[in-house]
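First up is the structure itself, then whatever we jot down about it.
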Amino acid sequence: MHVSRRVVLIGTGSVGSSYAFALVNQKLCNELVLIDVNEKKAAADAADLQDGIPSFYTNIHIKKGDYKDCEKADIVCICAGVPQKPGQSRLDLINTNINIAKKITENVIANGFDGIFLIASNPVDIISYAVWKYSGFSRGKVIGSGTTLDTARLRCQLSKKFQVSPQDISANILGEHGDSEFVPWSTVNVAGMKLDKIKSSFNLTDTDMEKIYLQTKNAAYKIIEAKGATYYGIAMALARITKAIVFDEHALLTTSTLLEGEYGYYDVFAGIPCIIGNEGILGTVPEDLTSSELDQFAYSISVLEQNNPLIQGK
């Protein structure tokens with residue numbers, strides 16, 4: 001990484017500004033540059049965040065910037081795009097947000113950026129594919145937030161059921177960050193024990209597990225219905241990925257990446273366990289799935305392929 005530890009955030013809406021706040025609070029960068037089509041909003045966010053810096057006794061330089069600031073950035077995080085509205089699925093945002101992502105990516109690349117793209121704009125798997133396609137970067141340098149947030153939601157649900165901290169639960173959501181995502185229950189591990197061995201002790205049936213899955217999958221819809229948007233959760237997920245990059249953690253996170261043979265698929269972005277470090281995605285760790293889980297993964301991939309105009313147009 002560059003010594004500067006510079007993060008450029010593009011899109012200072014609810015998600016972007018929440019991510020910026022998380023970065024500052026967790027001291028994950030030395031320089032934070034905010035870019036938005038609404039320059040007054042970006043400048044105001046920068047000033048607002050900078051006002052809090054003395055309270056943390058740390059030296060983070062925050063400013064409103066432009067695409068020239070991308071040249072020496074370590075991470076460019078894209079949060080720009082039209083948000084999901086009540087009643088919409090993430091896939092409803094495709095065409096508008098692909099066009100926005102294309103313009104942003106071209107501007108970033110034109111200014112000499114050679115760091116890591118981190119994508120949050122929805123539908124995140126398809127937008128991540130677009131950024132990878134338009135940037136010409138290797139797959140390791142384009143990371144979608146993927147099912148990182150969904151996985152956190154799942155572990156939170158399981159934590160409540162089993163009365164074990166989320167950190168002691170190994171469970172993932174795979175596939176699309178959207179309606180076709182699924183839980184490979186055969187891989188779930190609670191405090192070192194396989195799920196099938198302990199769920200009966202808690203009187204949990206397959207119906208109960210399905211309810212947990214649906215609560216996880218539909219969490220965003222309920223939040224959007226109540227307050228118009230989701231942003232704190234995804235901002236913390238983005239901060240977690242950023243931390244793994246900045247500190248070269250080699251952390252295993254369910255980010256969206258270009259599949260290069262995992263589960264037999266190619267040329268599509270989807271959420272799978274990825275090793276994240278200083279150079280981006282360092283590798284993947286595909287889980288052993290049952291035949292029914294492989295079918296669920298296949299369905300999720302088909303949804304992503306059929307709804308991605310950049311794949312359909314090849």
Side-chain angles (χ1 to χ4, degrees), residues 1-2 4-20 23 28-47 49 61-83 90 93-146 231 234-235 238 241-242 245-246 255-258 269 279-281 308-311 313:
M1 302 283 287
H2 302 297
S4 66
R5 276 173 54 182
R6 176 185 293 179
V7 175
V8 173
L9 165 63
I10 302 175
T12 61
S14 297
V15 172
S17 57
S18 297
Y19 170 60
L23 285 182
L28 295 178
C29 59
N30 294 332
E31 298 180 30
L32 177 57
V33 181
L34 308 182
I35 300 175
D36 197 279
V37 290
N38 184 342
E39 294 188 12
K40 288 184 178 180
K41 170 68 164 59
D45 275 332
L49 287 165
H61 180 61
I62 307 168
K63 70 170 186 175
K64 177 193 80 70
D66 56 38
Y67 286 105
K68 293 178 182 177
D69 292 297
C70 296
E71 181 183 1
K72 295 182 180 180
D74 301 300
I75 299 169
V76 166
C77 182
I78 301 178
C79 295
V82 294
R90 297 174 183 92
L93 313 175
I94 289 174
N95 291 326
T96 299
N97 284 352
I98 279 183
N99 290 331
I100 292 171
K102 181 177 187 291
K103 292 176 183 177
I104 289 172
T105 304
E106 289 172 347
N107 283 327
V108 170
I109 295 300
N111 282 278
F113 176 65
D114 65 355
I116 296 166
F117 278 107
L118 177 56
I119 318 300
S121 306
N122 275 319
V124 69
D125 305 289
I126 293 173
I127 299 303
S128 298
Y129 183 95
V131 172
W132 167 73
K133 200 80 171 176
Y134 293 128
S135 68
F137 277 22
S138 65
R139 80 158 176 174
K141 295 293 183 112
V142 180
I143 305 174
S145 58
Y231 35 90
I234 185 59
L238 291 170
I241 298 167
T242 302
I245 296 169
V246 169
T255 55
S256 187
T257 188
L258 180 73
F269 269 70
E279 296 299 320
I281 294 177
N308 188 340
L310 298 178
I311 292 178

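It should be emphasised that the depicted structure is a prediction, and the values quoted were computed from it without experimental measurement. Computed over heavy atoms, backbone and side chain alike; hydrogens, waters and symmetry mates excluded. Along the sequence shown, residues are numbered consecutively beginning with 1.
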For Glu39, is there any backbone N or O sitting under 3.5 Å from a side-chain donor or acceptor partner on Lys64? no

For the pair Asn30 (side chain) and Arg5 (backbone), establish whether a donor and an acceptor sit closer than 3.5 Å, ignoring hydrogens and angles. no

Grab the two heavy atoms, one from Glu31 and one from Arg6, that are nearest each other, plus how far apart they are. OE1-NE, 2.7 Å

With Lys63 via salt bridge (charged side-chain N to carboxylate O under 4.0 Å, His left out) - residues at least two apart: Asp69

Under a 4.5 Å cut-off applied to non-hydrogen side-chain atoms, are Asn308 and Phe269 in contact? no

Would a 4.5 Å heavy-atom cut-off, applied to side chains only, mark Tyr134 and Ile109 as touching? no

Exercise: identify the closest heavy-atom pair between Gly81 and Asn97: CA-OD1, 3.2 Å

Contacts of Glu106 that satisfy side-chain hydrogen bond (donor to acceptor under 3.5 Å, both in side chains) - sequence neighbours left out: Lys102

Please give me the minimum heavy-atom distance between Leu9 and Gly16, naming the atom from each residue. CD2-O, 3.0 Å

So which atom in Gly144 and which in Ser128 form the shortest heavy-atom distance, rounded to 0.1 Å? CA-OG, 3.2 Å

Report yes if some heavy atom in the side chain of Ile143 is under 4.5 Å from a heavy atom in the side chain of Ile245; otherwise report no. yes

Derivation and outcome, side-chain contact (heavy atoms from CB on, under 4.5 Å), residues Tyr67 and Ile10: CA-CA 9 Å; Tyr67 286 105; Ile10 302 175; 3.7 Å; yes

For the atom pair CD1 (Ile241) and CG (Leu28), what is the distance rounded to the nearest 0.5 Å? 12.0 Å

Using a 3.5 Å distance criterion without hydrogens, assess whether the side chain of Asp74 forms a donor-acceptor pair with backbone atoms of Gly115. no

Minimum heavy-atom separation for Leu238 to Ser145, with atom names? CD2-CB, 4.0 Å

Roughly how far, to the nearest 0.5 Å, is CD1 of Ile78 from CD1 of Ile119? 4.0 Å

Rounded to the nearest 0.5 Å, what's the gap from CD on Glu71 to CG on Asp114? Could you check? 8.5 Å

Would you give the length of the straight line joining atom CG of Asp45 to atom CG of Leu34, rounded to the nearest 0.5 angstrom? 6.5 Å

With heavy-atom distances below 4.5 Å as the criterion, would you say the side chains of Cys29 and Val246 are in contact? no

What is the minimum heavy-atom distance between Gly146 and Val124, and which atoms define it? N-CG1, 3.9 Å

Using the side-chain hydrogen bond (donor to acceptor under 3.5 Å, both in side chains) criterion, which residues pair with Ser17? Sequence neighbours excluded. none

Quick one: does any side-chain atom of Asp36 pair with a main-chain N or O of Thr12 as donor and acceptor, under 3.5 Å? yes

Rounded to the nearest 0.5 Å, how far does CD1 of Ile35 lie from SG of Cys70? 4.5 Å

What's the verdict on side-chain contact (heavy atoms from CB on, under 4.5 Å) for Ile100 and Ser121, showing C-alpha distance, side-chain angles and the deciding distance? CA-CA 10 Å; Ile100 292 171; Ser121 306; over 6 Å; no

Reported OG1-to-CZ distance for the pair Thr105 and Phe113, which is rounded to 0.5 angstrom: 10.0 Å

